[in-house]
Amino acid sequence: MLGVALVFVTTFRRLGLGATLGYIVAGALIGPSVLGLFREPEAIQSVSEIGIALLLFIVGLELQPSRLWRLRTDIFGLGLAQVSFCGVAIAAILFFGPGFSPEASLAIGLPLALSSTAQVLPMLRSENELNTPQGERAFSILLFQDLSIVPLITIIAAMARVSPDPSAPLGWKLALYTLLAIIGLVAFGRFVLNPLFRLIGRMGERELFVVAGLFTVIGAAALMRHFGLSTALGAFVAGVVLAESPYRHELESDVEPFRSILLGLFFLSVGMLLDLRIIAARPLLVIGLAAGVIITKTILISALSRLFGCSWKVSIRLGLLLSQAGEFGFVLFAMATAAQLISTTAASLFSAVVTLSMAATPFLMRFIDFLEGQDDEQRDDLDGPELSPETSAIVVGYGRFGQTVAQMMMAKGIGVTIIDKKPAQIELSSEFGTKVYYGDGLRIDLLRTAGAETARVIAFCNDNEGGEMTRDAVAAVLRTFPQASVMVRTFDRLHMLQLRGLDLAFAERELFEGAVAMGKAALRASGVPREEIDRVEREYRMRDCDRLELQGETGDVRAGWETAFAADRPLPGETVQDPS
């Protein structure tokens, strides 16, 4: 499995089609439909589903409860609207089109309304888009979809054509179990896990962090599985509980390798479950159904996102991103089959539709990237950083700021790879003999191709005009390339406060030093002696630094304002000049 995954994922990543599609194709090749090296992919999937739980745990670690509360409108408003409208619309198409019964149409349509958390979230994280407005909307919808598993199970059980399992809990009991399990996880996290991690932190045992992290995820998932609930939801709640822990970055780095490999195995199992005989027997039907799901969901999600305040550009991108059916479809189709709502053949057919829609997502995202790139003057004739020689320094952004940083390093013969995403700037630089490579320097994969894994310095000199230099984006760079000294040109005081606490080698407001230099020049022009100018500079820098510390500790941007110089607050011993 690892060998074939290595070949196909490498190939598909080189082609720009993403790792997910590589895993699915690799799984289809070694699965029962082609080479038959694995006859029971369900056994692999039952283990690899832990990868989805690990993914949601890591996402939970990045979401503080206050931020989750801020997203409540998107989660319970946009998320509810998406599942309801898409599920009913697809069910209506199946009822009036192929002619399924109303019960069968709902049993198929509602699962197809769910998207693939396992596919979408890694895409957003790899592109550093999880904390953008678009990423937050996508995450909110996906989170509600996980919450909706309980009512969907209840709906399928209520429509069942066989006697209900007396041991299966009723719908209201499932909802109660969900609430109690979440409360239990929160309490366990606050009173047991947080003290446990503090103890492990004092001991300094790295292996114990790995053990405790995996125990947390698998324990939370097992608790939810015991009650027949979403395992991914349990892992997510555990992550949110630990989001404010000082050890969350340590946990994330320890769990990440397991998440990567198990999620890869999950997509391999999805490919193995793909019954190519069904596609070969009725290719137009399968492709048509998959296309119908994608088109329906894209239109409805785009329209709903627009109603919730997104621009058309973001809405369409969000619609395409969530247009596929998801992994929970396999589970719900199996339940619908057991309830005699759909036949085994229909379950296999729509499982193929789910897999095909997931395989189409990378192509759809490439298509929307192409369209957006056309709007942003994206140029195929500009060299990307994959063509750059190996250097010890990377400078992102070659405007007024980046030129100074890069040229000062070049003065000492230090090799510098320069990256910028503005074609006009790249062309202008080439006229002066400077090679600048095209790309978004905040993308982790692009930094890797530029040699960031061996670089000693990564300097972000871009102007942060679009607000993309977020704390999470910078933290991802620090986490991925720990050997590099990461430096950031911050926009203003608020941006500095946002990055406070990160292990940056250098961070300074873009106008700060220039403003201090002009202030000194203004004092000289006013006839102030040099030693007094130096005293003013020292005092100003000290007070400004103290204010930053106080603002960071209190979270109040007004904190310490009384220490700033003002017309009625000069240096001690100075007299205020009469303006008249």
Side-chain angles (χ1 to χ4, degrees), residues 49-77 79-80 117 121 125 130-131 136 139-154 169 171-202 208-256 258-259 328 472 555:
E49 282 178 357
I50 299 173
I52 302 175
L54 289 168
L55 171 66
L56 268 295
F57 175 71
I58 291 174
V59 171
L61 285 175
E62 297 174 354
L63 274 175
Q64 294 183 338
S66 58
R67 185 168 167 222
L68 197 60
W69 176 253
R70 179 171 58 82
L71 296 176
R72 64 189 184 280
T73 302
D74 286 336
I75 295 171
F76 295 102
L80 173 61
T117 301
L121 287 187
R125 292 185 78 242
L130 189 56
N131 298 297
E136 289 184 340
F139 169 76
S140 299
I141 293 173
L142 291 170
L143 179 57
F144 184 85
Q145 289 178 358
D146 282 341
L147 292 170
S148 68
I149 295 298
V150 172
L152 292 184
I153 290 173
T154 304
W172 67 270
K173 284 188 177 181
L174 280 175
L176 180 62
Y177 290 162
T178 302
L179 182 60
L180 292 176
I182 291 175
I183 293 173
L185 285 173
V186 171
F188 187 75
R190 286 188 177 276
F191 299 115
V192 179
L193 288 180
N194 277 313
L196 175 64
F197 283 114
R198 282 197 295 270
L199 175 63
I200 294 173
R202 286 196 294 269
L208 285 179
F209 264 111
V210 178
V211 173
L214 292 176
F215 162 75
T216 300
V217 179
I218 297 175
L223 176 67
M224 295 301 234
R225 173 67 66 88
H226 176 71
F227 292 114
L229 307 172
S230 169
T231 56
L233 178 61
F236 172 75
V237 173
V240 172
V241 170
L242 295 172
E244 294 179 335
S245 166
Y247 304 106
R248 69 184 184 92
H249 295 298
E250 182 81 13
L251 277 169
E252 187 173 349
S253 62
D254 288 339
V255 168
E256 178 66 27
F258 297 95
R259 192 279 305 174
F328 288 118
D472 291 313

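Predicted model, so just to flag it, every value in this text is computed and none were measured.
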To the nearest 0.5 Å, what is the distance between [atom1] on [X] and [atom2] on [Y]?
| X | Y | atom1 | atom2 | value |
| --- | --- | --- | --- | --- |
| F328 | T117 | CZ | OG1 | 6.0 Å |
| L193 | L242 | CG | CG | 5.5 Å |
| F236 | I58 | CZ | CD1 | 13.0 Å |
| F144 | L80 | CZ | CG | 4.0 Å |
| I75 | Q145 | CD1 | CD | 12.0 Å |

Determine the minimum heavy-atom distance between [X] and [Y], stating which atoms define it.
| X | Y | value |
| --- | --- | --- |
| A220 | A238 | CB-CB, 4.0 Å |
| F197 | A212 | CE2-CB, 3.5 Å |
| L71 | E136 | CD2-OE1, 3.7 Å |
| G234 | L185 | O-CD1, 3.6 Å |

For a side chain to side chain contact (heavy atoms under 4.5 Å, CB included) check, start with the C-alpha distance between F258 and V210, then their side-chain angles and the critical distance, and finish with the verdict. CA-CA 10 Å; F258 297 95; V210 178; 3.7 Å; yes

Does V240 form a side chain to side chain contact (heavy atoms under 4.5 Å, CB included) with V186? I'd like the steps, not just the answer. CA-CA 9 Å; V240 172; V186 171; over 6 Å; no

Do V241 and F188 come within less than 4.5 Å of each other through their side chains, counting heavy atoms only? no

